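Each remark here refers to the structure printed beneath this line.
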Amino acid sequence: VQLQASGGGLVQAGGSMRLSCVASGRTLSSYSVGWFRQAPGKERELVAAISRNSRRTLYGDSAKGRFTISRDNGRNTVYLQMNSLKPEDTAVYSCGAEESVVAVHVPGSVHQYDYWGQGTQVTVSS
């Protein structure tokens, strides 16, 4: 499966942005999907992840209460809605996919993901 992240850009603090992760090559419904981010000089960290059937989600501490992950398997797309953005949210955001046998499985570690798309830059100005 190939993944393509999009939707990044420049936004002011307090604003909102929606990222999309579109899959091609195989149906995304076979995969758990996660959004990760990496800021300069920092390790890649989990933002949010979602199970194949959307019944389970997992959020990193920085995303709780502000970001929402969702998916539309018919469109082969996973979304990350980001609200109340802060300058510290500035990073390159990437999506990863893990082929999951269990429909409610949500991998939380970057090492569990087998496929990655190119990232999209999100910059939040103060």
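The shown structure was predicted, so the numbers you read here are calculated from the model rather than taken from an experiment. Residue numbers run from 1 in the order of the sequence given. What's counted below: heavy atoms across the whole structure, side chains too, no hydrogens, waters or symmetry copies.
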Value for CD (Q4) from OG1 (T77), rounded to nearest 0.5 Å, stands at 11.5 Å
Check for a donor-acceptor pair, side chain of R66 on one end and backbone N or O of S84 on the other, with a separation under 3.5 Å. yes
Run W35 and F67 through ring-ring contact (aromatic ring centres under 6.0 Å, His included) and show every step you take. CA-CA 11 Å; W35 282 99; F67 296 0; over 10 Å; no
Taking the side chain as C-beta and beyond, is there a heavy-atom pair between T90 and V122 under 4.5 Å? no
Does a side-chain heavy-atom distance below 4.5 Å link L10 with S125? yes
What distance separates L28 CG from D72 CG, expressed to the nearest 0.5 Å? 10.0 Å
Restricting to non-hydrogen atoms, name the atom on I50 and the atom on V78 that form the minimum distance, rounded to 0.1 Å. CG2-CG1, 4.2 Å
Could you tell me whether a side-chain N or O of T120 sits under 3.5 Å from a main-chain N or O of G8, the two making a donor and an acceptor? yes
Can Y113 be reached from V1 by stepping across I, L, V, M, F, W or Y side chains whose heavy atoms are under 4.5 Å apart? no
Measure across L46 and A49 and return the closest heavy-atom pair with its distance rounded to 0.1 Å. CD1-CB, 4.1 Å
Determine the minimum heavy-atom distance between Q81 and S16, stating which atoms define it. NE2-CB, 3.9 Å
Minimal non-hydrogen separation, P87 against S126, with atom names: CG-CB, 3.8 Å
Separation of H111 NE2 from E98 CD (nearest 0.5 Å): 13.0 Å
Of all heavy-atom pairs between V92 and G119, which one has the smallest distance, and what is that distance? CG1-CA, 3.7 Å
Rounded to the nearest 0.5 Å, what separates atom CD in Q112 from atom NE2 in H105? 5.0 Å
Polar side chain donor-acceptor pair, Y79 to R18, under 3.5 angstrom: no
Any sub-3.5 Å donor-acceptor pair from R52's side-chain atoms to S100's backbone N or O? yes
Rounding to 0.5 Å, atoms CE (M82) and CD1 (I69) come to a distance of 11.5 Å
Measure across G108 and L58 and return the closest heavy-atom pair with its distance rounded to 0.1 Å. CA-CD2, 3.6 Å
Identify whether M17 and V33 are in the same connected component of the hydrophobic contact network (ILVMFWY, side-chain heavy atoms under 4.5 Å). yes
Sub-4.5 Å side-chain heavy-atom contact between V104 and N53: yes
So do the side chains of L85 and Q12 get within less than 4.5 Å of each other, counting heavy atoms only? no
For R75 and N73, test the side chains for any donor-to-acceptor distance below 3.5 angstrom and give the result as yes or no. no
Inspect the surroundings of CD in Q118 and state if more than 12 heavy atoms from other residues, nucleotides or ligands are less than 6.0 Å away. no
Pairwise side-chain contact, V106 with S32, heavy-atom cut-off 4.5 Å (strictly under): no
Going hydrophobic residue to hydrophobic residue with side-chain gaps under 4.5 angstrom, can you get from W116 over to V47? no
Would you check, one step at a time, whether the test side chain to side chain contact (heavy atoms under 4.5 Å, CB included) holds for E99 with R26? CA-CA 11 Å; E99 190 166 14; R26 291 194 65 186; 3.0 Å; yes
At what distance, to the nearest 0.5 angstrom, does CZ of R71 lie from OG of S29? 7.5 Å
